[in-house]
Amino acid sequence: KIILEVEDSGSGIPLEVRDKIMVPLYTTKGPGSGTGLGLALSLRFIENHGGRLYFDHDRPHTTIVIEIPMGQSS
């Protein structure tokens, strides 16, 4: 499998947001600044291809992990 980790310099995702962040149309941005679809669509696309998308909450900074399976060999 391929593993892609993206880490930013922020302090992590607040506990009150963690359960909602992948829900379609949920956004922490103000009106007119975001649709809340990016993570939800990304999650669905990756899962439909047998992969995983998740946040590693054990890291000190916000880290999102994408795991994509490699194709089957013959």
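- Listed here is the closest heavy atom pair of P69 and H49: CG-O, 3.6 Å.
- L43 and Y54 are members of different hydrophobic clusters when ILVMFWY side chains are connected at heavy-atom separations under 4.5 Å.
- Side-chain contact between I64 and L39 is present, with heavy atoms from C-beta onward closer than 4.5 Å.
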> Stepwise, does the side-chain contact (heavy atoms from CB on, under 4.5 Å) test hold for V17 with Y26?
Replying inline: CA-CA 9 Å; V17 174; Y26 177 80; 3.7 Å; yes
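- There is no path of hydrophobic side-chain contacts, each under 4.5 Å, that joins I68 to L41.
- Judged by distance alone, with hydrogens and angles left aside, the side-chain atoms of H61 form no donor-acceptor pair with the main-chain N or O of E7 at under 3.5 Å.
- At a threshold of 4.5 Å between non-hydrogen side-chain atoms, the residues V65 and F55 do not count as touching.
- Across all their heavy atoms, M22 and A40 have their closest contact at O-CB, 3.5 Å.
- One N or O on the side chain of R18 and one on the backbone of I13 form a donor-acceptor pair closer than 3.5 Å.
- Transitive grouping of hydrophobic side chains (ILVMFWY, heavy atoms separated by less than 4.5 Å) brings V23 and L53 into a common cluster.
- Counting heavy atoms from C-beta on, the side chains of T27 and T35 never come closer than 4.5 Å.
- Side-chain atoms of I66 and R52, non-hydrogen and from C-beta on, never get closer than 4.5 Å to each other.
- Heavy-atom neighbours of D19 CG from other residues, nucleotides or ligands within 6.0 Å: at or below the threshold of 12.
- The main-chain N or O of G38 is found under 3.5 Å from a side-chain atom of S42 such that the two form a donor-acceptor pair.
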